[in-house]
Amino acid sequence: MLLIHCPWCGARDEAEFRYGGQAHVDRPPDPNAVDDREWGEYLFVRDNPRGRFSERWVHSAGCRRWFDVVRDTATNEMSAEVPSRSGRR
Amino acid sequence: MSNEFRLADGGRIDRDRPVRFDFEGQQLQGYAGDTLASALLANGVHRVATSNKYGRPRGIMAAGAEEPNALVQVEAPFPEPMLPATTVEVRDGLQASGLPGKGRLATEEDPARYDTMHTHCDVLVVGAGPAGLAAALSAARSGARVIVADADTEFGGSLLGSGQTLDGRAATDWVRRTTAELAEHPEVRLLPRTTVFGYYEDNYLVALEHRGDDASSRQRIWRMRAREVVLATGAHERPLVFSGNDRPGIMLAGSARTYVNRYAVLPGRRAVVFTTNDSAYAAAIDLHDAGVEIVAVVDAREVVSTYWASLCVERGIRIHASTGVVSTSGTDRITSAHLSSLGPEGNHPTSVRQVVTCDLLLVSGGWNPAVHLHSQARGSVRFAEDIGAFVPDGTDQAARSAGAVTGVLATGKCLTSGAEAGRDAARAAGFDAELARVPDSKHAPILAARHLWVVPGSGDSDGTTQFVDLARDATVADVRRAVAAGMDNVEHVKRYTTIGTAHDQGKTSGTLSTGVIAEVLGVGVGELGTTTFRAPYTPVTFAALAGRERGDLYDPVRVTAMHDWHVEQGALFENVGQWKRPWYYPHSGEDMETAVLRECYAVRSGVGMQDVSTLGKIDVQGPDAAEFLDLVYTNKMSTLKVGRIRYGLMCTADGMVFDDGTVTRTAEHRYLISTTSGGAANVLAHLEDWLQTEWTHLRVHLTSVTEHWATIALVGPESRQVLADVAPELDVDNDGFGFMTWQEGNVAGVHARVCRISFSGELAFEINVPWWYGREVWEVLMAGGRPYGITPYGTETMHVLRAEKGFPIVGQDTDGTITPHDLGMSWAVSKKKDDFLGKRSFSRPDTARTDRKHLVGLLPEDTNLVLPEGAQIVEQPELGEPPVPMLGHVTSSYRSAVLGSGFALAVVKGGRDRVGETLYSPVGDRPVPVTVTEPVFYDKEGARRDG
């Protein structure tokens with residue numbers, strides 16, 4: 001049970017949150033301007049590193065706000081919890 | 001045979017409280033404070049169980065949770081399988097029997113209650129032996145909030161069974177005083193009978209508390225978040241591997257000492273002690289002084305401790321140095337130990353030199369620190385040569401180990417390291433902590449141990465009776481086989497041999513198996529390492545983990561404002577997400593099919609009424625609401641006029657249908673959107689996600705208002721008349737109140753929003769009133785509709801009616817791989833909008849294929865047949881050799897009152913191009929012919945919707 005720091009509510013149990021996958025995956029500003037391959041990568045292809053990973057969480061059982069964290073996928077150490085601004089999936 | 005092995009006095013049992021229990025039909029007596037194991041031993045019962053693979057007799061080897069052998073099935077007070085006799089408290093009425101490895105679950109419902117506690121603390125101390133108590137004292141005196149948890153019925157750990165002194169008095173005096181002081185601190189919580197079994201991220205620990213069968217809840221799970229953790233989990237004694245090392249009467253030396261000192265029980269009359277280290281001598285001395293004849297101390301070392309040797313000499317105990325027990329005799333109980341001298345390498349014993357008769361063989365191969373929780377916390381371990389076992393070697397969690405778990409075995413050192421750890425933990429948690437004074441203890445010099453993994457047996461060269469893991473019946477022969485098969489990693493050998501995977505998780509066999517594997521491989525134990533420890537440390541019942549979240553409390557139940565009315569009318573209910581929705585309302589004697597046909601007929605020919613309050617409702621407000629909805633729906637919502645309603649489809653970015661519902665424009669900057677009943681929370685989350693993280697410039701707010709409004713669907717040709725009667729102020733004419741528009745007005749005296757929406761193809765009105773008035777309005781409408789034969793209907797009828805019209809249900813006719821075009825709903829996809837979720841994906845090659853699966857109708861040739869939902873669709877009447885190409889499957893299938901036959905919706909490859917074709921669906925053992933049709937079966941012209 002991770003202890004996750006919601007930027008608005010503070011430290012809460014992981015059970016209050018939902019995971020949103022990799023952060024900073026920018027939706028092409030004009031989806032019609034990208035080819036099928038680029039669009040397919042935007043839809044389906046994500047990084048899966050061992051180590052530091054920027055990812056999205058939402059405090060679904062709390063303030064319902066999305067935010068980004070950097071989590072080490074090997075140790076689960078989390079840092080830099082900031083409100084999500086752009087780049088979703 | 002009543003307590004003939006019980007000493008006349010001493011021990012920590014309560015002799016004023018005898019208890020009677022039943023073991024395998026024998027009525028036996030023990031005392032409060034006994035475990036089942038100690039009470040059995042007091043009555044001379046050694047053979048308790050039968051090994052699960054070879055059926056060998058097995059006895060009691062340990063005195064705690066590390067017991068690998070003595071598993072019992074408890075029958076009363078409540079059946080529980082596979083409990084170690086060493087952890088079961090005896091009580092009046094206890095009924096148990098020995099197990100051959102497998103247990104039996106109760107067939108009756110457990111009447112006991114289980115609870116869950118959530119708590120936080122500054123310092124969590126796991127283990128209340130000398131180190132844990134000293135740690136708790138240092139931390140508690142600083143004012144920190146401390147929790148002390150220990151699996152045993154009372155605090156003290158090893159001090160309870162060692163009979164030693166502290167500050168010149170019985171160590172148990174210090175335990176009592178320390179526990180009493182801790183209990184006085186207002187911020188301290190003491191949890192005896194509580195096993196911390198899991199250690200998760202960020203110092204989240206989970207424990208199981210046994211509160212007893214008479215407590216208000218039998219067991220409690222503690223979920224604890226600690227700032228700092230002190231692991232004072234102690235050590236388990238390691239057995240030795242020799243031929244026949246599994247017979248009843250072979251016991252860990254320290255455990256035998258515990259039986260004598262704590263329970264005042266003699267585990268035998270005539271004992272041999274086999275050791276590789278000093279600690280077993282204390283057991284030999286204690287047992288001798290309690291009246292057990294110690295025939296021989298067999299020490300694998302060439303040189304033995306002069307301190308202990310002199311104590312033995314005083315008592316006339318003979319010591320055999322450089323000697324080992326290589327094999328044993330006896331069936332239900334050990335009858336003799338076979339001694340042989342060991343060479344310096346221990347590998348080449350000569351033949352058996354001496355046979356010693358005995359009824360008890362104490363063994364000690366050293367001590368394994370209980371690093372389980374440390375390891376669960378992702379702490380690393382290292383091999384400590386001095387004790388021949390693995391010790392903690394740092395962790396990233398805010399935790400520290402203290403006492404025997406760190407490899408220090410002398411009580412004085414355990415006390416000191418505990419006090420330091422408690423102080424450091426409290427300081428790390430922000431408290432001004434000082435070192436608590438620890439009592440003086442007698443400290444014998446410790447002579448180095450010999451690491452002896454396998455004692456070679458003259459009569460067992462292949463190792464089939466040299467047991468490494470007694471719980472799994474795994475032997476040295478099994479390890480050799482694993483290594484011969486090419487495995488050179490402890491994790492692989494563990495899985496191949498199953499060593500360490502039993503109920504005890506290898507507490508006695510873990511380090512031992514590493515040692516044996518290392519010896520077979522010819523590598524160092526340290527370089528081989530150990531297996532990873534995982535939760536739970538000891539078995540935990542599902543009942544405890546479930547706590548109160550079972551039965552009705554398993555998941556929240558959501559009911560509508562009209563729920564009680566539905567119950568009173570005898571409705572059967574369907575679970576939709578967490579909602580209870582009326583499924584159908586059977587009249588007496590009706591089965592489901594009859595009831596549904598009656599309800600369907602009533603709606604199509606007269607008037608019916610359904611509670612549709614469960615549909616999700618989201619209030620969308622803000623100056624950019626229209627722009628936002630244009631981005632999340634496939635159709636254009638910005639052009640919708642105030643007062644009007646539009647059906648809308650939502651897709652995910654990959655172009656697949658995600659949800660559907662209606663969009664009602666209630667004001668210039670305000671919409672009310674509806675979602676499927678089960679999808680409401682996901683839709684809100686989906687919308688919030690895009691709003692907060694992608695289109696952050698849009699000024700829009702989303703609010704769930706599902707439970708603000710009770711919604712009643714009034715459906716059928718007579719619905720207009722019923723509504724007109726109860727809402728005389730409303731203009732219900734088709735001209736004044738057109739399809740897909742809404743009006744506000746009084747319905748049955750309650751202010752309502754009435755919408756002309758139809759999910760059945762019939763003339764219909766959806767009446768929304770504040771939740772509070774839901775039942776009242778419902779009943780007025782029922783009464784008003786009585787002259788017209790108004791019929792309440794449920795979800796099953798609704799499903800049939802909508803399927804007759806070819807309206808798909810998202811999640812039933814779609815599965816996340818279906819586009820709006822696949823559904824034949826291109827009309828709901830805007831061609832004018834530049835962008836919306838899903839749009840770009842419609843032109844991806846796979847999504848644009850023309851032979852995708854399309855939603856079509858199916859009519860079985862046998863009009864009496866209702867195809868099973870999920871049935872496959874194939875091209876040919878003969879299936880032929882597999883693999884048979886599947887064209888698709890049935891998604892919805894019912895019997896239709898208006899069609900007088902069965903009909904179905906299905907997704908079929910290139911289905912729209914197959915209309916009119918005959919395909920086949922294997923039903924039972926034969927493919928039945930079906931005709932592909934348009935998905936709309938009834939009123940294709942839509943003539944009925946305006947009444």
Side-chain angles (χ1 to χ4, degrees), chain A residues 1-5 7-8 11-15 17-45 55-61 63-68 71-78 82-89, chain B residues 118-120 198-206 223-227 377-380 395-398 535 556 631 651-656 681-682 684-697 701-704 833-848:
Chain A
M1 180 78 74
L2 297 171
L3 190 66
I4 298 176
H5 292 261
W8 288 274
R12 301 295 178 95
D13 280 352
E14 180 187 349
F17 297 83
R18 268 163 69 166
Y19 185 60
Q22 184 174 357
H24 314 305
V25 178
D26 290 329
R27 186 172 190 261
D30 180 2
N32 303 309
V34 298
D35 64 21
D36 285 336
R37 182 187 169 77
E38 282 174 79
W39 184 250
E41 297 222 336
Y42 159 70
L43 287 178
F44 303 121
V45 180
E55 59 189 20
R56 302 164 357 106
W57 288 82
V58 60
H59 195 187
S60 49
C63 63
R64 288 191 0 220
R65 303 301 291 177
W66 283 91
F67 57 96
D68 297 341
R71 181 176 62 99
D72 188 308
T73 58
T75 64
N76 275 333
E77 191 186 330
M78 284 186 169
V82 292
S84 206
R85 282 181 320 274
S86 68
R88 63 186 302 287
R89 44 185 68 182
Chain B
H118 296 260
T119 188
H120 293 78
Y199 193 150
Y200 302 92
E201 282 94 351
D202 298 313
N203 271 358
Y204 188 81
L205 293 95
V206 187
R223 300 175 183 276
M224 304 180 279
R225 184 82 72 176
R227 278 189 212 285
R378 299 187 187 219
S380 52
T395 170
D396 291 335
Q397 299 247 27
L631 284 165
C651 286
T652 40
D654 58 3
M656 302 302 152
N682 283 338
L684 182 63
H686 168 84
L687 298 181
E688 281 285 3
D689 188 354
W690 287 96
L691 195 55
Q692 288 181 33
T693 69
E694 190 64 42
W695 300 308
T696 53
H697 61 288
H701 287 279
L702 305 171
T703 310
S704 167
K833 292 193 288 183
D834 288 335
D835 190 16
F836 58 83
L837 289 180
K839 180 181 170 79
R840 173 64 184 80
S841 294
F842 295 146
S843 59
R844 294 183 65 243
D846 185 64
T847 324

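Note that this is a predicted model, so its numbers are computed, not measured.
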Side chains of [X] and [Y] in contact at under 4.5 Å (non-hydrogen atoms):
X       : Y        : value
A:Met1  : B:Asp202 : no
A:Leu43 : B:Arg840 : no
A:Arg56 : B:Asp689 : yes

Are there more than 12 heavy atoms of other residues, nucleotides or ligands under 6.0 Å from atom [atom1] of [X]?
X        : atom1 : value
B:Asp396 : CG    : no
A:Glu77  : CD    : no
B:Arg227 : CZ    : no

>> Is there a side chain to side chain contact (heavy atoms under 4.5 Å, CB included) between B:Tyr204 and A:Leu2? Walk through the geometry before answering.
In response: CA-CA 8 Å; B:Tyr204 188 81; A:Leu2 297 171; over 6 Å; no

Checking heavy atoms, do the side chain of [X], its backbone, both or neither come under 4.5 Å from chain A?
X        : answer
B:Asp835 : side chain
B:Phe836 : backbone
B:Arg844 : both

> Residues in side chain to side chain contact (heavy atoms under 4.5 Å, CB included) with A:Ala74, at least two apart?
Replying inline: A:Arg50, A:Asp72

> Which of the residues B:Gly198, B:Ala685, B:Ser841 is involved in the greatest number of heavy-atom pairs with chain A at under 4.5 angstrom?
Replying inline: B:Ser841

>> I need the A:Tyr42 OH to B:Asp654 CG distance, nearest 0.5 Å.
In response: 10.0 Å

>> Given heavy-atom pairs under 4.5 angstrom as the criterion, report whether the side chain, backbone, both or neither of A:Arg18 touches chain B.
In response: side chain

>> On a heavy-atom basis, which atom in B:Glu201 and which in A:Asn76 lie closest, and how many Å separate them?
In response: OE2-ND2, 2.6 Å

>> Checking A:Asp13 now: which residues fulfil salt bridge (Lys or Arg N to Asp or Glu O under 4.0 Å) with it, not counting sequence neighbours?
In response: B:Arg225

>> Donor-acceptor check, side chain of B:Gln692 to backbone of A:Arg64, threshold 3.5 angstrom: yes or no?
In response: yes

> Is it true that B:Glu694 and A:Arg27 have a side-chain N and a carboxylate O under 4.0 angstrom from each other?
Replying inline: no

